[in-house]
Number of protein chains: 2
Amino acid sequence: MSEDSTSTPRSGDTREAIMHATYKALCEHGYADLTIQKIADEFEMTTAVLHYHYDTKEDLLAAFLEWVLNEYTDRIDVSNIEDPQDRLLALIDELLLGLDDDETSGPPFDRGRAFNTALLEMRGQAARREPFREQFTANYNLVKEMIIATINDGIEQGVFREADAEQVATLVLAAMLGGRAYDVSLFHEGSATAVREAIEELLVKELLEA
Amino acid sequence: MSEDSTSTPRSGDTREAIMHATYKALCEHGYADLTIQKIADEFEMTTAVLHYHYDTKEDLLAAFLEWVLNEYTDRIDVSNIEDPQDRLLALIDELLLGLDDDETSGPPFDRGRAFNTALLEMRGQAARREPFREQFTANYNLVKEMIIATINDGIEQGVFREADAEQVATLVLAAMLGGRAYDVSLFHEGSATAVREAIEELLVKELLEA
DNA sequence: GTCTATAAGAAGATAGAC
DNA sequence: GTCTATCTTCTTATAGAC
């Protein structure tokens, strides 16, 4: 509706291609070694194109972060799972971004480990770059509300005991972020899975009525 | 004993000064914007001095990471606290690196928030830089053993219930790393404190015999 | 051991042709 | 909208004097 009806390549197509190229370059080289040139190399265009669509490298990366976080949360759909415990665990699995299984999320998100690494690097930048910080904050709030709603749903259904849903969600999210961070920054590669199991044993099962 | 008895400035003095200068520069500018020049600016010497003592920037930063992580763990001393629960909570407080209180650790570690930010950035590099990864892994193993020992001590004393100490430690550490990461990467600055309280409420109190 | 001076390369960004 | 060519700046690292 809001697009031209001509066959001219729309600006959105190139921008979408830039996002995909950025994703690939980021996973391959990491955030620290990411350059405009390396992004351009990923989709057969020159750096001038990138500067035409985005004023600065930082603008491009902020747009990328918004795009990629939205893509991910859009894919999370556990609304069809009835049982609150199952839904909570499924949600946790989705949020591990493929770090705890062999299957990945399918293109373009088929690089769980590399992508997690890049995302951790970008989080490190969030303290000093407000646009990044905004995206991470929005994402956190969204995911946290999903967890809180699921826990409260379980309490209302009588499946879970009375509990401070906000506090449980805080702990679950922190543990999962820490698990992902340990997974990519230590030699022990099973950290994410270990944390996933600890959450299930020590927090989720604890929510069940005795 | 192993030092010269002359009044010549020892090599170790300059190296120590370099570590302190690196700490300051890292906190002020962040890892991403850290340059050899900025480190040199922090202690009134030139970049040539840094290259004289360390071959490359990466060598210098690997040495810095080893130094700073050892400095921190050396300062952790909760061995005088008898009660296992108190000792566990004190340990957790130490590991929060000053993020949950107004008091800081004293020079040179007087920049809890900025230092945490820099450490998170460096962790992001650990996936691709083995020297970093080694340091973080060694630090993790050390701290984890401290937590496990405290929990097992509590179980033996009959203060804590029977529990999988390794699993609890895994969850506590992951949650704290996540809490520190959220604290510096979101607009909610109280994340570390919130996680600290959630750990106490949902994990530590749970360890107490009913 | 520390200095000055500089080499050598890479990066982000822009100008102007098409 | 995309290209080629180039500018400017910054960065690591080295050479050689002191």
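Side chains included, hydrogens not; waters and symmetry mates left out as well; all remaining heavy atoms used. Bear in mind that the values here come from a model prediction, so they are computed numbers and not experimental data. Residue numbers begin at 1 in each chain, while the letters A, B, ... track the order of the sequences.
One finds no side-chain N or O of A:T46 lying less than 4.0 angstrom from the OP1 or OP2 phosphate oxygen of D:dT2. Put simply, B:H51 has no side-chain N or O that comes within less than 4.0 Å of OP1 or OP2 on D:dA15. At least one side-chain nitrogen or oxygen of A:Y52 sits closer than 4.0 Å to the OP1 or OP2 atom of D:dG1. Distances shorter than 4.0 Å separate some side-chain N or O of B:T14 from OP1 or OP2 on C:dT2.
Within the 4.0 angstrom heavy-atom criterion, only backbone atoms of the sugar-phosphate kind lie near B:E44; the bases stay farther away.
Of the candidates D:dT2, C:dA13, C:dG12, C:dG12 carries the atom nearest the A:T35 side chain, counting heavy atoms from C-beta on. Here the side chain of B:V49 is nearest to one of C:dT2, D:dT4, C:dT4, namely C:dT2. When distances run from any side-chain atom of A:I36 to the nucleotides D:dT2, C:dG12, D:dA13, the shortest one goes to C:dG12.
Sorted by residue number, the list of members of residues 17-28 of chain B with any non-hydrogen atom under 4.0 Å from DNA chain C is empty.
A:K38 has no carboxylate O lying under 4.0 Å from a charged side-chain N of A:E42, or vice versa, which leaves the two without a salt bridge. For B:R87 and B:D153, the salt-bridge test passes: some basic side-chain N is under 4.0 Å from an acidic carboxylate O.
Between B:E58 atom CD and D:dT11 atom P there is a gap of 18 Å when expressed in whole angstrom units. Counting to the nearest Å, the P atom of D:dT4 and the CD atom of A:Q37 are 11 Å from each other. Summarising the geometry, the separation between NZ on B:K57 and C1' on D:dT11 is reported as 8 Å, rounded to the nearest angstrom. Between the NE2 atom of B:H53 and the P atom of D:dA13 there is a distance of 16 Å, rounded to whole Å.
Shown here is B:E130, whose CD atom has no more than 12 heavy atoms of other residues, nucleotides or ligands within 6.0 Å.
Ring pair B:Y182/A:F136: centre-to-centre distance not below 6.0 Å.
Within the structure, side chain to side chain donor-acceptor pair (under 3.5 Å) pairs that include any residue of residues 139-152 of chain A comprise A:Y140-A:K144, A:N141-B:H188, A:K144-A:E166, A:K144-A:T170 (at least two apart or interchain).
Contact between A:R113 and A:V184 at its shortest, heavy atoms only, is O-CG1, 4.1 Å.
Scored by the side-chain hydrogen bond (donor to acceptor under 3.5 Å, both in side chains) test, A:E28 finds no partners at all (sequence neighbours excluded).
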